[in-house]
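A quick write-up on the structure given underneath.
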Amino acid sequence: MKVLLIGSGGREHALAWKLAQSPRLTRLYAAPGNPGIGEEATLVALDTDDHAAVLSFCRSEAIDFIVVGPEAPLVAGLADTLRDAGLAVFGPSAAAAQLEGSKGFTKDICAKYSIPTGAYRRFTAVEPAKAYIREQGAPIVIKADGLAAGKGVTVAMTLEEALAAVDSCFDGAFGAAGAEVVVEAYLDGEEASFFCLCDGTHALALASAQDHKRVGDGDTGPNTGGMGAYSPAPVMTPEIVERTMTEIIAPTIRGMAESGHPFSGVLFAGLMITRNGPELIEYNVRFGDPETQVLMMRLKSDLLPLLYAAATGTLGLMSAEWHDDAALTVVMASKGYPGSYAKNTPIAALPHPDADTKIFHAGTALKDGQLVATGGRVLNVTATGDTVGAAKAKAYAALAKVEWDNGFSRSDIGWQAVAREKA
Ligand code: AMP
Ligand code: GLY
């Protein structure tokens, strides 16, 4: 099978690495990719916003299957264009991608199908939003409705913070994404990321992970795209997984099918495990980054037939096998991230990968033969071990060998699981 992978992050490097191991793969292309992905795939300089150009490439190279990594092309309808042309695509339609593209849309599905989530209201004007917040009190959560690169959420511990967040949304801090605001009840508990493949009618549970969204040690500082992750998440016990599948995932799949927009692709549920059980914080319609880096290290099954089954409505026949080992990834980011940072800083050396350590590239490029950092999140140093603690020790040992002066990382990835393992 000839496959085209769309994307250029650490998530796509992990997917490319795993796809490249498939006996069913004949050729892997990636657009636009990065130097790490280039070790697994033929890179194609396609503008993925230009759907006609992507389609024309697929036709000229006789691509059998397209895997779309990031959310932006999905929300923009790339999967629709390709599917309408008769191609097999992993990733939801633009209409189904509203599960990530509009928080209000997802909240309305939750209300209709009694899916556990924080109580909420949607607002398009400042004063009614503020009046509701004053009535509810803090802590309370304010969210820009649309896609805001993970930065549109304020978990306000005080009323003042909550009111200021409403002002900044409606003042255009998140552009069009903030034209509507969702105000949501604060959920108290431990967070987990949970991934399922879906083919429109079936869902196949993959695995769980825990992300570290804050930039600083001890979960301090501003939110980022994710500074590290590990899998599995100990809080996702078999009982919680079962409840998540029946109380959250199954009604969502049914609701989407009933709405005429069946969901196919990967459903990434951001969960809060509260005293009452799993509650939905949000959906994403693509794999997590950096969660995918740890998921792919643990996946024993061939990834390609799984993704293809999700795309072609045959997931009911599939199962996924996992290694018992834990996996952990530490993100190395450019100093200054998630604020502004220097670009094109040289990465002088990377350690050699071995059977249980792997470095996935995100924002890297080759300039005159020199590997340089071009993005905020740049490298994902990933390792497996029989415990999260063991995987963590291996990942940090590899990270110590990365020679990149402008890079930094958190030093405590996995702290929750490691504390549990020691208890
Ligand atoms: P989101 O972009 O919706 O995932 O929100 C970003 C982060 O804000 C989440 O990962 C949570 O840590 C936090 N968050 C979002 N909604 C809530 C909520 N209702 N209660 C508590 N924390 C939340
Ligand atoms: N790591 C969180 C995300 O991919 O949205």
Side-chain angles (χ1 to χ4, degrees), residues 9 49 70-77 94-95 97-111 117-188 191 211-216 219-227 270 272 280-286 289 333-343 363 375-377:
D49 292 336
E71 63 277 18
L74 294 168
V75 172
Q98 287 303 297
L99 278 177
E100 173 162 0
S102 165
K103 294 185 191 293
F105 174 89
T106 297
K107 284 299 208 179
D108 290 348
I109 295 242
C110 289
T117 188
Y120 73 102
R121 291 271 300 274
R122 303 171 70 165
F123 296 96
T124 50
V126 174
E127 284 315 320
K130 287 189 172 173
Y132 178 71
I133 289 168
R134 286 197 188 94
E135 193 184 296
Q136 297 295 311
I140 195 157
V141 181
I142 318 301
K143 301 183 174 185
D145 180 70
L147 289 179
K151 293 174 190 125
V153 175
T154 303
V155 179
M157 299 316 281
T158 65
L159 207 53
E160 294 66 44
E161 229 183 312
L163 299 174
V166 169
D167 282 329
S168 98
C169 266
F170 285 119
D171 284 349
F174 310 109
E180 181 174 328
V181 166
V182 173
V183 179
E184 184 178 299
Y186 173 77
L187 298 171
D188 195 17
E191 265 185 90
D211 189 10
H212 299 61
K213 290 202 159 101
R214 303 299 193 100
V215 74
D219 294 331
T220 54
N223 262 333
T224 69
M227 293 300 291
M272 191 70 85
L280 182 70
I281 297 177
E282 62 159 2
Y283 276 130
N284 297 303
V285 299
R286 34 89 193 166
D289 190 345
S334 294
K335 285 176 187 163
Y337 174 80
S340 60
Y341 49 82
K343 295 220 169 121
R377 294 189 297 167

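Being a predicted model, the structure only gives us computed values, none of them experimental.
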For the atom pair [atom1] ([X]) and [atom2] ([Y]), what is the distance rounded to the nearest 0.5 Å?
{"X": "L163", "Y": "T154", "atom1": "CG", "atom2": "OG1", "value": "11.5 Å"}
{"X": "R214", "Y": "T220", "atom1": "CZ", "atom2": "OG1", "value": "8.0 Å"}
{"X": "L99", "Y": "E282", "atom1": "CG", "atom2": "CD", "value": "11.0 Å"}

* To do: Could you pull out all residues at least two apart from T117 that satisfy side chain to side chain contact (heavy atoms under 4.5 Å, CB included)?
  =>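 Scan of T117 (side chain to side chain contact (heavy atoms under 4.5 Å, CB included), adjacent residues dropped) gives K107, C110, L280.
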* Who pairs with Y120 by side-chain hydrogen bond (donor to acceptor under 3.5 Å, both in side chains), at least two apart in sequence or on another chain? ->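 So Y120 forms a side-chain hydrogen bond (donor to acceptor under 3.5 Å, both in side chains) with D108.
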Provide the closest heavy-atom pair for [X] versus [Y] in the form atom of the first, atom of the second, distance.
{"X": "D289", "Y": "R377", "result": "O-NH1, 3.0 Å"}
{"X": "G118", "Y": "E184", "result": "O-CG, 4.1 Å"}
{"X": "D211", "Y": "G226", "result": "OD1-CA, 3.4 Å"}
{"X": "G101", "Y": "V75", "result": "CA-CG2, 4.4 Å"}

Tell me which donor-acceptor pairs under 3.5 Å the side chains of residues 128-141 have, and how far apart each pair is, sequence neighbours excluded?
{"unit_1": "K130", "atom_1": "NZ", "unit_2": "D167", "atom_2": "OD1", "d": "3.0"}
{"unit_1": "K130", "atom_1": "NZ", "unit_2": "D167", "atom_2": "OD2", "d": "3.0"}

Check whether [X] reaches the backbone of [Y] with its side chain - one donor and one acceptor, N or O, closer than 3.5 Å.
{"X": "R122", "Y": "E180", "answer": "no"}
{"X": "E100", "Y": "V285", "answer": "yes"}
{"X": "S334", "Y": "G375", "answer": "yes"}

* Any chance you could lay out the side chain to side chain contact (heavy atoms under 4.5 Å, CB included) test for K143 and I281, step after step, and finish with the verdict? => CA-CA 11 Å; K143 301 183 174 185; I281 297 177; 3.8 Å; yes
* Taking everything shown except K343 itself, do over 12 heavy atoms lie less than 6.0 Å from its NZ? ->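 Atom NZ in K343 is not crowded, with 12 or fewer foreign heavy atoms closer than 6.0 Å.
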* Does any non-hydrogen side-chain atom of R286 lie less than 4.5 Å from one of P73? ->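 Not in contact.
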